[in-house]
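In what follows, chains are A, B, ... by sequence order, proteins preceding strands, each numbered from 1. In this text the structure is predicted, and so the values were computed from the model without any measurement.
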Amino acid sequence: MQTVYFFNTLKRKREEFKPLTPGKAAMYTCGPTVYNFAHIGNFRAYMFEDLLRRTLKLCGYEVTQVMNLTDVDDKTIRDSQAAGMSLNDFTAQYKKSFFEDLKELNIEPAEYYPAATGHIPEMIELVQTLIDKGFGYVANDGCVYYSINKFPEYGKLAKIDMENQISGVRIQNDEYEKDSVADFALWKAWTEADGDVWWDSPWGKGRPGWHIECSAMSMKYLGKTFDIHTGGIDNMFPHHEDEIAQSEAANGCAYVNYWLHCAHLIVNGEKMSKSAGNFFTLRQLLEKGYTGREMRYVLLSAHYRKKLNFTFEALESARTTLKRLSTLFERLRDADGESDGSMTGVVAEAKEKFITALADDLNTSESAAVIFGLQKEANKQLDAGTLSKEDAEAVLDCFRLFDTVYGVFEVDTGASDDVPAEIVELAEQRKAARAAKNWAEADAIRDKLKTLGYTVEDAPDGFRITKL
RNA sequence: GGCGUGGUAGCCAAGCGGUUAGGCAGUGGUCUGCAAAACCAUUAAGACCGGUUCGACUCCGGUCCACGCCUCCA
């Protein structure tokens, strides 16, 4: 079991991770609102959570992860109506695309994906508990609100002093029925705009507020107190702050021990967001010819608490980097030299450094440096002929270990195996022409292959075909 | 207005009070019929002004700039 350290937003410092149950890590991650395709900025958060769960597993923990799906809120209702579809049908299509995208990015599935609409009774029960304990109240508009004045610790996560805050907020005149403008909705009363979307409750027809969703579902699957809660930095306030207020008021115990927040993906210096219109979906990138693993590599390239500047140059850079590693794996598979005995130690050190880097608050930059250090050493020894089959296999095995977290190397999959037979045949003809030193013929075939959409490159013992 | 984060070489991006971060690009080689790929080597930095220190990119103060949250948001 490797000791893991996290930067805990709640304490604003790096701490050793001590789970409630030794050897197990329970984590809750805020998932998508399924009203549209997620953009790659959204996926930065899900990638960070994937990195977190894979790192925990690498360090010996058994992970239980819950990711909620918000399938009822203002936007899902609004857009399903605009599309002339039922809420369920409407959100189902985006749930489907979300899971397709996760797969494309090689993000490991969570253990649970609870949907909000599947847990309305649990939410109603939690709201009732909050009312019974004096934290919730029914207002004139039929909504149930949470009275933040009743929870003195409100603001402890975001480090917000509400006295100070309220005076600074632009108060909208039509924020009417609440006791305090900062009170938030636990239950929203039905209005005409909601159409046929409503559930019965002790307070009449309506639907749950957003924050109560995560409190109710995390409690159901992970218990009243659990280890880790993650999300994008923009969810810290008010969403996570409100979750704390709800859960700790209802249960009378700590909600979460470690809060981890990732920074934004930015484009041209600004946050990628739907409202700003400066976003790309994964599908758009795939249409441009980039792959999920290239995007995955880009998303892993910066530390999760630092803003990540997305550029197409970064995707190109990822492509080159991954290709060079693939070449190394090919060379390693063919290695058959005289071992000088040094590789065993090199590999052991690389493994240890890799794990230590990730265990230190998920330092992917540091872990990448370890990867490239091993790449360089392996190449040097391949050139020198000092890698035996066993040495090479040890290096490959090390990359397989790296890949349990990175998930992009494809250590054992060859690059080009789905090339049509006639293309291979042309390449064979070119090989023969070259053997006969018939350069004109060889070049003509190469040009022809290019028009067919393939590049052929010479290799020591033949050729390599790549699809354009 | 309140709170918070950051400014590192052409681009991306780390650690660290003194010893090469790393990747991409570039440059020079190796290989090669040509091309490409690959491999090896290598250039280049710390927004600005002060302070602490034998020594600061790293600590402290200030200035400027950028971004985020406070409203749905990963």
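Heavy atoms of A:Leu265 sit under 4.0 angstrom from at least one base atom. Among the atoms of the strands shown, only primed sugar atoms or phosphate atoms (P, OP1, OP2) are found under 4.0 Å from some heavy atom of A:Thr321. At the heavy-atom level, A:Met236 lies nowhere under 4.0 Å from the strands shown. In this structure, A:Gly41 reaches the bases: a heavy-atom distance under 4.0 Å links it to at least one base atom across the strands shown. Within 4.0 Å of A:His303, counting heavy atoms only, lie sugar-phosphate atoms of the nucleic acid but no base atom. Contact annotation for A:Ala302: backbone-only contact, meaning every heavy-atom pair under 4.0 Å involves sugar-phosphate atoms and none involves a base.
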Only distances under 3.5 Å count here; give the side-chain donor-acceptor pairs of residues 364-372 of chain A to other protein atoms, sequence neighbours excluded, each with its distance to 0.1 Å.
unit_1, atom_1, unit_2, atom_2, d
A:Thr364, OG1, A:Leu300, O, 3.0
A:Ser367, OG, A:Thr364, O, 2.8
A:Ser367, OG, A:Tyr406, OH, 2.7

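Side-chain atoms of A:Thr311 and A:Asn309 include no donor-acceptor pair closer than 3.5 Å. One side chain, A:His229 or A:Glu243, offers a donor N or O that lies under 3.5 Å from an acceptor on the other. The closest side-chain donor-acceptor pair between A:Glu104 and A:Thr291, if any, does not fall under 3.5 angstrom. No hydrogens or angles considered: nothing links the side chains of A:Asn278 and A:Glu270 as a donor-acceptor pair under 3.5 Å. Side chain to side chain, A:His240 and A:Tyr255 fail the donor-acceptor criterion of an N or O pair below 3.5 Å. Side-chain atoms of A:Ser215 and A:Ser247 include a donor-acceptor pair closer than 3.5 Å. In summary, the side chains of A:Thr70 and A:Glu213 do present a donor paired with an acceptor at a separation below 3.5 Å, with no hydrogens or angles considered. In this structure, a donor-acceptor pair under 3.5 Å is absent between the side chains of A:Glu15 and A:Tyr5. There is a side-chain donor-acceptor pair under 3.5 Å between A:Tyr290 and A:Glu316.
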Below 3.5 Å between N/O atoms, which protein atoms pair up with nucleotides 17-20 of chain B? Just atom names and distances, please.
none

Check: protein-nucleotides 6-11 of chain B nitrogen or oxygen pairs below 3.5 Å:
none

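Annotation: B:A56 and B:G17 have their P atoms spaced 15 Å apart (nearest Å). For B:G29 and B:C16, the P atoms lie 39 Å apart once the distance is rounded to whole Å. Atom name P, nucleotides B:C39 and B:G23: the rounded distance is 11 Å, in whole Å. Rounded to the nearest Å, the gap between the C1' atom of B:A38 and that of B:C54 is 48 Å. Comparing the same atom, P, in B:G4 and in B:A41 gives a spacing of 46 Å after rounding to whole Å.
Judged by Watson-Crick or G-U wobble contacts below 3.5 Å, the nucleotide B:U5 has B:A66 as its partner. Base pairing of B:A13 is not made with any nucleotide, judged by Watson-Crick or G-U wobble geometry with both donor-acceptor distances under 3.5 Å. Pairing for B:G46 is absent, judged as Watson-Crick or G-U wobble with the two contacts each under 3.5 Å. In this structure, B:U20 makes no Watson-Crick or G-U wobble pair, since no nucleotide meets both defining distances under 3.5 angstrom. Base pairing annotation: B:C57 forms no Watson-Crick or G-U wobble pair, as no partner gives both donor-acceptor distances under 3.5 Å. Pairing of B:C39, defined by two Watson-Crick or G-U wobble distances under 3.5 Å, is identified with B:G29. Applying the Watson-Crick and G-U wobble criteria (two distances, each under 3.5 Å), B:C72 pairs with nothing in any strand.
For A:Phe409 and B:G23, the CZ to P distance is 13 Å, given to the nearest whole Å.
Between A:Arg12 and A:Met272, the one whose closest nucleotide on RNA chain B sits nearer the 5' end is A:Arg12.
A side-chain hydrogen bond (donor to acceptor under 3.5 Å, both in side chains) with A:Thr76 is found for exactly one of A:Asp74, A:Asp79, A:Asp73, namely A:Asp73.
Within the 4.5 Å cutoff, the side chain of A:Arg207 has no heavy atoms near those of the A:Met123 side chain.
Applying the side-chain hydrogen bond (donor to acceptor under 3.5 Å, both in side chains) criterion to A:Asp334, with sequence neighbours excluded, gives no partner residue.
For the pair A:Arg430 and A:Phe463, the cation does not sit on the ring face, since its NZ or CZ is not both under 6.0 Å from the ring centre and inside 45° of the axis.
The nucleotide whose nearest atom lies closest to any side-chain atom of A:Ser317 is, among B:C72, B:A14, B:G23, B:G23.
Listed in residue order, the members of residues 45-54 of chain A having a heavy atom less than 4.0 Å from RNA chain B are A:Ala45, A:Tyr46.
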What string of B, S and - do you get for nucleotides 33-46 of chain B, 5' to 3', when a contact is any protein heavy atom under 4.0 Å?
BBBBSSSSS-----
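Rounded to the nearest 0.5 angstrom, A:Phe399 CZ and A:Phe354 CZ are separated by 9.5 Å.
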